Student: 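I have a structure here, written as structure tokens, and I will follow up with some questions on it.
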Amino acid sequence: MLVGYVRVSKADGSQTTNLQLDALKAHGVQQEYIYEDYASGRNDKRPGLEACLKSLREHDVLVVWKLDRLGRNLSHLVKTITDLTQRKIGFRILSGQGAQIDTTTAAGRLTFGIFASLAEFESDLISERIKAGLAAARARGTNGGRKFRLSKAQVRLAEVAMKNRDTSVGDLCKELKITRNTLYQYVSPTGELRQRAIKRLEL
């Protein structure tokens, strides 16, 4: 059975799914088997896609108009399509980049294999850049990652204050000019230092 998925980025009506729907229907996908989302491709919460993936059964074929309608990025696309393949579900793209991908055919599977290799290559490059950036930062005497919101003295102040049962957490946060969430990243409600505080004191 053919199952379709369509997505547009805006939910305010300025974009419509008509073009995608027409393409899917022309390909033979019936309206009742088409799932829709009105959300950015980078949005993790896409109920239409979640429902679509759950509805698919062995030997079904998921059809999308273009590759970018499905995934947030190349790695996410590869993971999604790989999961479908493992479930013995086909995947087909009708137009645009990746239109050669049709995992129900040998040629389409070969094309997908190339995409998967590119995704792995992209992931390796990103990892290497991060490692190189951190190494360069350490060489300059700085450290990568999020900046610390508290100084060493403030960490010690928070530690002592939180060990005092009479301390008002709200007042302490106002004094340190931080939120409760930030405070608890450094110390527990009973004043024990957490990993972020220990790391801050080691610098």
Side-chain angles (χ1 to χ4, degrees), residues 1-137 144-146:
M1 181 175 73
L2 299 179
V3 177
Y5 174 70
V6 302
R7 178 184 63 78
V8 291
S9 299
K10 296 182 179 180
D12 59 5
S14 60
Q15 294 184 13
T16 70
T17 58
N18 292 343
L19 185 60
Q20 298 177 60
L21 290 172
D22 290 345
L24 292 180
K25 291 175 183 177
H27 190 71
V29 185
Q30 298 180 36
Q31 176 67 50
E32 58 264 37
Y33 298 121
I34 297 178
Y35 295 80
E36 302 180 16
D37 269 320
Y38 294 83
S40 166
R42 295 184 177 275
N43 193 337
D44 290 334
K45 294 181 179 180
R46 287 191 277 169
L49 179 59
E50 292 177 7
C52 178
L53 296 176
K54 288 180 181 179
S55 74
L56 292 164
R57 298 294 180 263
E58 188 173 327
H59 303 309
D60 284 348
V61 178
L62 175 60
V63 184
V64 297
W65 178 51
K66 289 185 177 181
L67 190 61
D68 64 358
R69 298 301 87 191
L70 182 66
R72 297 190 301 273
N73 50 49
L74 186 56
S75 297
H76 177 252
L77 284 168
V78 169
K79 182 181 183 303
T80 301
I81 300 172
T82 299
D83 289 344
L84 293 175
T85 302
Q86 292 173 347
R87 293 167 58 190
K88 296 183 180 180
I89 296 167
F91 178 70
R92 189 174 298 159
I93 301 168
L94 300 183
S95 63
Q97 290 183 338
Q100 299 86 354
I101 294 180
D102 180 348
T103 59
T104 64
T105 69
R109 287 192 292 273
L110 175 61
T111 303
F112 171 64
I114 296 172
F115 267 74
S117 297
L118 288 173
E120 184 177 356
F121 178 62
E122 178 189 50
S123 178
D124 289 343
L125 279 179
I126 292 173
S127 178
E128 289 178 8
R129 287 169 185 161
I130 291 174
K131 290 177 181 178
L134 290 174
R146 291 180 300 163

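Owing to the predicted nature of the structure, the values given are computational and were not obtained by experimental measurement.
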Student: What pair of heavy atoms forms the shortest contact from C52 to G4, and how long is it?
Tutor: SG-O, 4.1 Å

Student: So, taking the atom named CD in E36 and the one named OG1 in T17, what distance separates them when rounded to the nearest 0.5 Å?
Tutor: 4.0 Å

Student: How long is the straight-line distance from CD1 of I101 back to CG of L94, given to the nearest 0.5 Å?
Tutor: 12.0 Å

Student: side-chain hydrogen bond (donor to acceptor under 3.5 Å, both in side chains): which pairs involve residues 51-65, sequence neighbours left out?
Tutor: Y35-S55, W65-S95

Student: Output every pair passing salt bridge (Lys or Arg N to Asp or Glu O under 4.0 Å) with a member in residues 73-86, not counting sequence neighbours, ordered by first then second residue.
Tutor: K79-D83

Student: Is there a side-chain contact between T103 and I81, using heavy atoms and a 4.5 Å cut-off?
Tutor: yes

Student: Looking only at non-hydrogen atoms, find the nearest pair between R46 and D37 and report the distance.
Tutor: CB-OD2, 3.2 Å

Student: Given side chains that start at C-beta, do those of L62 and L53 come closer than 4.5 Å, heavy atoms only?
Tutor: yes

Student: Indicate the atoms forming the closest heavy-atom contact of F91 with V61, along with that distance.
Tutor: N-CG1, 4.2 Å

Student: Would you give the length of the straight line joining atom CD1 of I34 to atom OH of Y5, rounded to the nearest 0.5 angstrom?
Tutor: 13.0 Å

Student: Are the side chains of T16 and V8 in touch, meaning some heavy atoms are under 4.5 Å apart?
Tutor: no

Student: Scan the side chains in residues 20-30 for donor-acceptor partners under 3.5 Å anywhere in the protein, sequence neighbours excluded, and list what turns up.
Tutor:
{"residue": "Q20", "atom": "OE1", "partner": "R7", "partner atom": "N", "Å": "3.1"}
{"residue": "Q20", "atom": "NE2", "partner": "R7", "partner atom": "O", "Å": "2.8"}
{"residue": "K25", "atom": "NZ", "partner": "Q31", "partner atom": "OE1", "Å": "2.7"}
{"residue": "H27", "atom": "NE2", "partner": "R92", "partner atom": "NH1", "Å": "3.1"}

Student: Atom OG1 of T80 and atom CG of L70: how far apart are they, to the nearest 0.5 Å?
Tutor: 5.5 Å

